[in-house]
Enquirer: 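Okay, handing you the structure first.
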Number of protein chains: 2
Amino acid sequence: MSQAAQKHDVFQAIADPTRREVLRLLSENEMPISKISTHFPMSRTAIVKHLHVLTEAKLVSGRKEGREKIYHLLPEPLEEVQQWLSYYEKFWSNKLSILKYVVENEEEDK
Amino acid sequence: MSQAAQKHDVFQAIADPTRREVLRLLSENEMPISKISTHFPMSRTAIVKHLHVLTEAKLVSGRKEGREKIYHLLPEPLEEVQQWLSYYEKFWSNKLSILKYVVENEEEDK
DNA sequence: TTGACTTGAAACCAAAAGGTGTTATATTAT
DNA sequence: ATAATATAACACCTTTTGGTTTCAAGTCAA
């Protein structure tokens with residue numbers, strides 16, 4: 001309670017297909033809101049709301065440039081999802097998860 | 001439209017912390033609804049609803065045994081999440097994703 | 001058969017999600 | 001200065017979510 005509980009975490013942020021598509025778009029190129037909007041059948045206002053959710057989850061960030069606000073991807077929070085997933089990998093891909101474990105421990109030597 | 005659009009996909013299913021905790025519980029042991037409920041501060045009915053969402057996403061399945069309904073984990077749908085994530089791995093862990101690529105292609109030789 | 005236990009299903013509720021449209025403000029080009 | 005553009009901020013609406021309580025029905029043990 002000392003810090004306002006963040007309303008949207010990364011799991012909620014990626015739950016919506018539109019937001020996942022926004023992330024994919026921004027993974028190719030940063031772009032202003034208006035350009036993002038052209039890729040979707042909904043209003044620009046709706047896209048702005050999705051961008052707010054993504055911003056809260058720290059998956060995107062926007063800077064103002066002239067009269068445009070240009071958004072770009074911040075992929076880091078997805079690591080939390082990957083970590084959560086890694087626990088379940090053992091159920092379907094033993095070989096891969098063991099190898100991953102080895103590699104990740106190697107990284108510590110850097 | 002030929003097939004009723006499934007209301008809850010795996011991304012939505014894992015968006016809720018309670019449901020993620022249910023998955024973790026079931027990853028240790030299958031168990032009846034009543035036992036699952038004891039781990040949460042909410043009513044049994046609320047848990048049943050979460051189990052319905054998880055069932056729709058094919059992340060769990062329940063069989064009836066006497067008067068109990070015993071649920072167990074079905075981890076397969078999480079692969080979809082992992083596949084989605086793998087696209088973004090390149091942004092934070094190049095070495096790992098390259099290695100993964102190699103391993104996955106090796107698998108094809110089996 | 002009675003009683004305890006577990007689930008299932010319904011009705012209800014408040015709040016959040018996901019949209020809409022309107023209006024206001026800042027920026028740029030003419 | 002004016003007009004066009006891009007975003008921001010609201011107010012509003014409908015559906016979904018996440019919870020509750022209540023009641024009915026199936027199962028088991030005594």
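Note on naming: letters A, B, ... go to the chains in the order of the sequence lines (proteins, then strands), and numbering restarts at 1 for each one. Since we're looking at a predicted model, the values are computed, not measured.
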Enquirer: Answer with base, sugar-phosphate or nothing: what part of the nucleic acid does B:Gln12 contact at a heavy-atom distance below 4.0 Å?
Expert: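 The residue B:Gln12 makes sugar-phosphate contact but no base contact.
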
Enquirer: Side-chain contact test, heavy atoms from C-beta onward, threshold under 4.5 Å: evaluate it for B:Trp84 versus B:Val10 and give yes or no.
Expert: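 B:Trp84 vs B:Val10: side chains apart.
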
Enquirer: Under 4.0 Å between a side-chain nitrogen and a carboxylate oxygen: does that hold for A:Lys58 and A:Glu56?
Expert: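 Salt bridge flag = no for A:Glu56 with A:Lys58.
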
Enquirer: Got A:His52 and A:His8 here, is their nearest side-chain heavy-atom distance under 4.5 Å?
Expert: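 With C-beta onward as the side chain, the pair stays apart.
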
Enquirer: Under the side-chain hydrogen bond (donor to acceptor under 3.5 Å, both in side chains) test, which residues partner B:Glu21, sequence neighbours left out?
Expert: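 B:Glu21: side-chain hydrogen bond (donor to acceptor under 3.5 Å, both in side chains) contacts with B:Arg24.
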
Enquirer: Rounded to the Å, how far apart are A:Glu65 CD and D:dA6 C1'?
Expert: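 About 13 Å, once rounded to whole Å.
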
Enquirer: Could you check how far CD1 of A:Ile70 sits from C1' of D:dA8, rounded to whole Å?
Expert: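 Spelled out: CD1 on A:Ile70 to C1' on D:dA8 is 17 Å.
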
Enquirer: Does A:His8 put a side-chain nitrogen or oxygen below 4.0 Å from OP1 or OP2 of C:dA17?
Expert: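 Affirmative; the distance criterion is met.
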
Enquirer: Just how far, in rounded Å, is C1' of D:dT5 from NZ of A:Lys69?
Expert: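 Spelled out: NZ on A:Lys69 to C1' on D:dT5 is 17 Å.
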
Enquirer: Between A:Ile47 (CD1) and C:dG19 (P), how many Å, whole number?
Expert: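 Rounded to whole Å, this separation is 8 Å.
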
Enquirer: Could you check how far CD1 of A:Ile14 sits from C1' of C:dA17, rounded to whole Å?
Expert: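 Taking CD1 of A:Ile14 and C1' of C:dA17, I get 17 Å after rounding.
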
Enquirer: Could you state the atom-to-atom distance from CD1 of B:Ile33 to P of D:dG26 in whole Å?
Expert: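 For the pair B:Ile33 CD1 and D:dG26 P, the rounded distance is 17 Å.
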
Enquirer: Side chains of A:Pro32 and A:Lys69: closer than 4.5 Å at any heavy-atom pair?
Expert: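 Answer no - side chains too far apart.
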
Enquirer: Whole angstrom is fine here: how far is it from CG in A:Asp9 over to C1' in C:dA16?
Expert: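 After rounding, the reported distance stands at 14 Å.
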
Enquirer: Atom pairs, N/O to N/O, protein against nucleotides 25-27 of chain C, distance under 3.5 Å?
Expert:
| from | atom 1 | to | atom 2 | distance (Å) |
| --- | --- | --- | --- | --- |
| C:dT27 | O2 | A:Arg67 | NH1 | 3.3 |

Enquirer: Atom pairs under 3.5 Å, N or O on each side, protein against nucleotides 18-24 of chain D: can you list them with distances?
Expert:
| from | atom 1 | to | atom 2 | distance (Å) |
| --- | --- | --- | --- | --- |
| D:dG18 | OP1 | B:Asp16 | OD2 | 3.2 |
| D:dG18 | OP2 | B:Arg19 | NH1 | 3.0 |
| D:dG19 | OP2 | B:His50 | NE2 | 2.3 |
| D:dG19 | N7 | B:Lys49 | NZ | 3.1 |
| D:dG19 | O6 | B:Lys49 | NZ | 2.0 |
| D:dT20 | OP1 | B:Ser43 | N | 3.4 |
| D:dT20 | OP2 | B:Ser43 | N | 2.9 |
| D:dT20 | OP2 | B:Ser43 | OG | 2.5 |
| D:dT21 | O4 | B:Thr45 | OG1 | 3.4 |

Enquirer: For the pair made of CD in A:Glu68 and C1' in D:dA8, what is the distance, rounded to whole Å?
Expert: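 From A:Glu68 CD to D:dA8 C1': 15 Å.
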
Enquirer: If we only count heavy atoms from C-beta on, is the A:Arg19 to A:Ile14 side-chain gap below 4.5 Å?
Expert: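 When only atoms from C-beta onward are counted, A:Ile14 and A:Arg19 do not touch, as no gap falls below 4.5 Å.
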
Enquirer: Could you check whether A:Lys90 makes a cation-pi contact with A:Tyr88, meaning its NZ or CZ is under 6.0 Å from the centre of the six-membered ring and within 45° of the ring axis?
Expert: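 No.
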
Enquirer: What verdict does the salt bridge (charged side-chain N to carboxylate O under 4.0 Å, His left out) test give for A:Glu30 and A:Arg63, after you've listed the backbone C-alpha separation in whole Å, the side-chain angles of each residue and the deciding distance to 0.1 Å?
Expert: CA-CA 10 Å; A:Glu30 60 177 20; A:Arg63 69 173 187 283; 2.8 Å; yes

Enquirer: For a 4.5 angstrom cut-off between non-hydrogen side-chain atoms, does A:His72 reach A:Val60?
Expert: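 Answer no - side chains too far apart.
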
